[in-house]
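I have placed the structure first, in the form of structure tokens, so that the comments after it can refer back to it.
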Amino acid sequence: MLATIVKIAYSQGFTTAEVTLAQFFFGIIVLWLLTAKIRKKDKPSQSQIKKLMLAGTTMGCTSVFYYLCVRYLNASVAVVFLMQSVWIGIVIEMLQTRKFPALIKVVAVVLVLFGTVLATQMWNFDTGLNVLGVVFGMLAAISFSLTLYSTNSVATGFPPTIRSLYMLFGGGIIVLIFALCTQILPYYLGFSPQFMQDFVTSKPIDSSIFYTWGIILSLFGTVLPPILLNKGFPLTGVGLGSIVSSLELPVSVTFAFVLLSETVTAIQWLGITVILFAVVLMNINLIRKKT
């Protein structure tokens, strides 16, 4: 839902800094309340907290990059680039294990790339596929892949809510730095880093974002996802979990079609189907083992 909601927020004059700040602000408050009664022995050590916060910086990067991508591309196209995390995850696994992936995963990667070409209609220059939007989309996919990796590997022995809270702290630092550089410091001090000039908005933070779209963004962007991922993956296994989570692709496109009236062609739906099939194919062996 996030890409569609952010598109609507942009149309009402809100900025990337404002939507990300509101999202993480409410997310941290809700998770802090949920973890208030957790016993001290169930909380991670200082070193584990640092690892969780470091891992959480990828969540902040994902939000910033993805919402910048949505500025330049249709929501139905932006989510396709976010789904490149499917094959990026394979690359991360290859680097970690130092083993070349199995043939079935290579075939899955080829299918994902082919499906991406169809879903974004890269050959059609009339679609206005913005280069900057593509770059931010790929950066979001890399960050998202690292988030999924961290979710399954860092301080896994603790309650999902407490892990999610510290990861949000790390992500919140990234979002705050982005907001400082692109809106807060430029408006109040007239200062902004040269390399961020294209994204600077010299106006005060619009507080109405916090009681409008900020609540919805935090619920679906920073509260439910980390909790449900941390609870769900251990139960479903990586294979089935990856397939279920990949359903965000058709759901996001459907929201963009219904709420934003974005045009989604038959070829784009075919590309989305190919990507989903690639995810199933890549994880079929894991599903069999789980069964």
Side-chain angles (χ1 to χ4, degrees), residues 1-11 15-17 19-20 57-92 108-149 174-175 178 181-182 193 195-201 221 245-246 248-257 260-276 278-279 282:
M1 296 178 63
L2 295 178
T4 297
I5 295 171
V6 170
K7 274 284 190 185
I8 296 173
Y10 283 163
S11 69
T15 65
T16 305
V19 294
T20 50
T57 58
T58 61
M59 293 177 65
C61 290
T62 300
S63 292
V64 170
F65 291 141
Y66 189 41
Y67 296 165
L68 285 174
C69 173
V70 170
R71 275 183 59 181
Y72 298 99
L73 300 176
N74 285 345
S76 56
V77 174
V79 71
V80 173
F81 284 104
L82 185 66
M83 285 303 297
Q84 301 309 297
S85 58
V86 172
W87 64 263
I88 294 172
I90 295 177
V91 174
I92 292 174
V109 169
V110 173
L111 287 174
V112 169
L113 294 175
F114 176 63
T116 300
V117 172
L118 295 178
T120 59
Q121 301 184 77
M122 286 185 176
W123 66 88
N124 187 358
F125 293 101
D126 293 333
T127 58
L129 200 61
N130 186 283
V131 175
L132 203 53
V134 173
V135 171
F136 283 128
M138 291 305 300
L139 289 173
I142 294 171
S143 299
F144 187 52
S145 300
L146 293 172
T147 298
L148 291 177
Y149 172 77
I174 297 297
V175 167
F178 176 79
C181 293
T182 61
F195 68 94
M196 283 192 170
Q197 287 297 316
D198 292 339
F199 314 110
V200 168
T201 303
S245 59
S246 70
E248 68 175 287
L249 180 55
V251 171
S252 182
V253 173
T254 301
F255 268 100
F257 176 75
L260 299 177
S261 300
E262 291 187 0
T263 301
V264 185
T265 65
I267 292 178
Q268 286 178 284
W269 280 116
L270 176 61
I272 290 167
T273 304
V274 170
I275 293 173
L276 292 175
V279 176
M282 182 179 67

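All values below were derived from every heavy atom in this structure, side-chain atoms included, with hydrogens, water molecules and symmetry-related copies excluded.
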Heavy atoms of Gln84 and Ala141 approach each other most closely as CB-CB, 3.9 Å

message = Evaluate Thr16 against Tyr10 for side chain to side chain contact (heavy atoms under 4.5 Å, CB included), listing each step before the verdict.
response = CA-CA 8 Å; Thr16 305; Tyr10 283 163; 2.7 Å; yes

Exercise for the section: Using the side chain to side chain contact (heavy atoms under 4.5 Å, CB included) rule, take Val253 and Glu262 through it: C-alpha gap first, then chi angles, then the decisive distance, then the call. Expected result: CA-CA 9 Å; Val253 173; Glu262 291 187 0; over 6 Å; no

Of all heavy-atom pairs linking Ala140 and Tyr66, the shortest is CB-N, 3.7 Å

To the nearest 0.5 Å, atom CH2 of Trp87 lies from atom CD1 of Ile275 at 12.0 Å

One should read off an interatomic distance between Ser76 OG and Ile272 CD1, to the nearest 0.5 angstrom, of 7.5 Å

OG1 of Thr62 to CG of Leu146, rounded to nearest 0.5 Å, is 8.0 Å

*Is there side-chain contact between Met83 and Thr116, with at least one heavy-atom pair below 4.5 Å?*
no

inquiry  = Side chains of Met1 and Thr4, heavy atoms from C-beta outward: is any pair under 4.5 Å?
reply    = no

One should read off an interatomic distance between Leu68 CG and Thr20 OG1, to the nearest 0.5 angstrom, of 8.5 Å

Does some side-chain heavy atom of Leu2 sit less than 4.5 Å from a side-chain heavy atom of Tyr67? yes

Checklist entry - Does Leu249 reach the side chain of Val80, with side-chain heavy atoms less than 4.5 Å apart? => result yes

Note: Ala278 and Leu111 closest approach over all heavy atoms is CB-CB, 3.6 Å

Taking every heavy atom of Phe144 against every heavy atom of Ser85, the minimum-distance pair comes out as CD2-OG, 3.5 Å

Those residues at least two apart in sequence (or on a different chain) that pass ring pair (Phe, Tyr, Trp, His ring centres under 6.0 Å) with Phe81 are none

In terms of heavy-atom contacts, Ala9 and Val19 come closest through CB-CG1, 3.9 Å

Exercise for the section: Check whether any side-chain heavy atom of Leu260 lies under 4.5 Å from a side-chain heavy atom of Phe255, and answer yes or no. Expected result: no

Stepwise, does the side chain to side chain contact (heavy atoms under 4.5 Å, CB included) test hold for Trp269 with Leu118?
CA-CA 8 Å; Trp269 280 116; Leu118 295 178; over 6 Å; no

Smallest heavy-atom separation, Asn130 atom then Tyr72 atom, equals CB-O, 3.7 Å

